[in-house]
Novice: 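After the structure tokens below, expect a handful of questions from me.
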Amino acid sequence: MPLTIRPIDPVNRPFFAGEVSGIDLRERATPEQVAAIVEGMDKFAVLVFHDQQIDDAQQLAFSRNFGPLEIANSDVRRDEDRRLAPEVADISNLGQGNAIMSREDRRRLFGLGNMLWHSDSSFKPTPAKYSLLHARVLPKAGGNTEFADMRAAYDALDAEVKAEIKDCVCEHSQQYSRGVLGFDFTDEERLRNPAVPQRLVRLHPGSGRRSLFLSAHAGAIRGMPVPEARALLRDLTEHATQRQFVYAHQWRLGDLVMWDNRAMMHRARRYDPSEVRELHRTTVADDCPTLEQAA
Ligand code: OGA
Ligand code: MN
């Protein structure tokens, strides 16, 4: 069966989410399939693959078709309490022994940072290119993931704002995003996480379009007083996450959703913390820091 991509929800607005059919991710993808997916990612930026009964090894093998993977290290989930392989990010509310974490568990509270609009790993010198998230266990209600199109949001800015932000360089750190939620890092964790610079406006190579590189991790703009920078970032984020730029993914078991962090922000929505929600994420790293990329 040939691989096809059908736009999701294309009514009256530029679409950026596509539904892929004609591929079984348990099997090794052919070069033609990989090329069609990359092309689809450039056109859409979010692709949904339904009914994929894959395990971690199959998810890893599929993800590696798109480039080197990030190691999913976290400051608050120590190596000894990892449930999954180093390249698989544990997007769940489960701890050791697959028990639901308590409400006060630091690892759970840290994970709540995903509920703020962000781009994955923008706090790392080289941020993420693609993220691939696979649904293993879902709560009865809630827990959608929302995506906002940073290319359309950029296009819709006034010419004056585009000129104003053209050369801005932001400082990104998890201390900033977690701090917004009132999460406290220890001094040692703080030292391990210096802020990294990222361009605010980037050129998306696959589509030739510009995008706003916003993220909850952005807490300063070089050369600008901090309150002014945060007010501007907040203003841009409000603009970029208006409903016309957003696709809300309602998960079905076995969905794999792949998105381009260079062109999208995303966030998790609330669900009942006494129910299990378990997704596994693999992350393809970008080629280099954004300041080294063509702008
Ligand atoms: C992620 C993430 C959102 C969610 O996996 O990177 O932000 O809905 N997840 O769990
Ligand atoms: Mn994320």
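Remember, it's 1-based here, ligands and their atoms both numbered in the order they're listed.
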Novice: Do Ser122 and Gln198 pass the side-chain hydrogen bond (donor to acceptor under 3.5 Å, both in side chains) test, and can you show the C-alpha distance, the side-chain angles, and the key distance before you say yes or no?
Specialist: CA-CA 8 Å; Ser122 73; Gln198 304 290 3; 5.9 Å; no
Novice: Report the nearest protein non-hydrogen atom to atom 6 (O) of ligand 1: residue, atom name, distance rounded to 0.1 Å.
Specialist: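 Result: Arg281 NH1, 2.6 Å.
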Novice: Charged N to carboxylate O under 4.0 angstrom, Asp260 versus Lys129?
Specialist: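 Salt bridge flag = no for Lys129 with Asp260.
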Novice: For atom 3 (C) of ligand 1, grab the closest protein heavy atom and report residue, atom and distance to one decimal in Å.
Specialist: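 The protein heavy atom lying closest is Ala268 CB, 3.6 Å.
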Novice: Counting non-hydrogen protein atoms only, what is the nearest one to atom 8 (O) of ligand 1? Give residue, atom name and distance.
Specialist: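 Going atom by atom, the protein heavy atom closest to atom 8 (O) of ligand 1 ends up being Thr145 OG1, 2.6 Å.
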Novice: Please list, in number order, the atoms of ligand 1 under 4.0 Å from a heavy atom of His266.
Specialist: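 Going through ligand 1 atom by atom, the ones under 4.0 Å from His266 are 1 (C), 2 (C), 6 (O), 7 (O).
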Novice: Short list, please: which atoms of ligand 1 are under 4.0 Å from a heavy atom of His118?
Specialist: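 Taking each heavy atom of His118 in turn, ligand 1 has 7 (O) under 4.0 Å.
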Novice: Is it true that Arg192 and Glu188 make a salt bridge, defined as a side-chain N closer than 4.0 Å to a carboxylate O?
Specialist: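 Counted as a salt bridge, because a side-chain N and a carboxylate O are separated by less than 4.0 Å.
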Novice: Counting both backbone and side chain atoms, is some N or O of Arg267 under 3.5 Å from an N or O of ligand 1?
Specialist: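 It does not: no N or O of Arg267 is found under 3.5 Å from an N or O of ligand 1.
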Novice: Rounded to 10°, how big is the angle at the Mn ion (ligand 2) from Asp120 OD1 to His266 NE2?
Specialist: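 With the Mn ion (ligand 2) as the vertex, OD1 (Asp120) and NE2 (His266) sit 90° apart.
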Novice: Can Arg178 be said to sit on top of Phe110's aromatic six-ring, NZ or CZ under 6.0 Å from centre and within 45° of the ring axis?
Specialist: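 So Arg178 does make the cation-pi contact.
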Novice: Does any donor atom in the side chain of Trp117 or His266 lie under 3.5 Å from an acceptor atom in the other side chain?
Specialist: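 Note: Trp117 and His266 side chains miss the donor-acceptor criterion.
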Novice: May I ask whether Arg269 places a heavy atom under 4.0 Å from ligand 1?
Specialist: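 Flag not set, Arg269 not near ligand 1.
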Novice: I want to know if ligand 1 touches Arg277 in the polar sense, i.e. an N/O pair below 3.5 angstrom.
Specialist: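 Among all N and O atoms of Arg277, at least one is under 3.5 Å from an N or O of ligand 1.
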Novice: Hey, which atoms in ligand 1 end up nearer than 4.0 Å to a heavy atom of Asp120?
Specialist: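 Matching atoms, with element in brackets: 6 (O).
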Novice: Do His204 and Tyr154 have ring centres separated by under 6.0 Å?
Specialist: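 For His204 and Tyr154, the ring centres are not under 6.0 Å apart.
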Novice: Could you tell me, atom by atom, which parts of ligand 1 come under 4.0 Å of a heavy atom of Leu133?
Specialist: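 Per the distance check, 5 (O), 9 (N).
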Novice: Short N/O distance, under 3.5 Å, between Trp259 and ligand 1?
Specialist: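 So ligand 1 has no N or O lying under 3.5 Å from an N or O of Trp259.
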Novice: Just checking His239 against Phe245, ring centres under 6.0 Å apart?
Specialist: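 Centroid separation for His239 and Phe245: below 6.0 Å.
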Novice: With heavy atoms of Asn114 as the reference, note each atom of ligand 1 found under 4.0 Å away.
Specialist: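 Ligand 1 atoms under the 4.0 Å threshold to Asn114: 2 (C), 7 (O), 9 (N).
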Novice: Between Arg199 and Leu291, is there a donor-acceptor pair closer than 3.5 Å when you use the side chain of the first and the backbone of the second?
Specialist: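 Side chain of Arg199 to backbone of Leu291: a pair is present.
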Novice: How about Phe147 and Trp259: are their ring centroids closer than 6.0 Å?
Specialist: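 Between Trp259 and Phe147, which both carry aromatic rings, the centre distance is below 6.0 Å.
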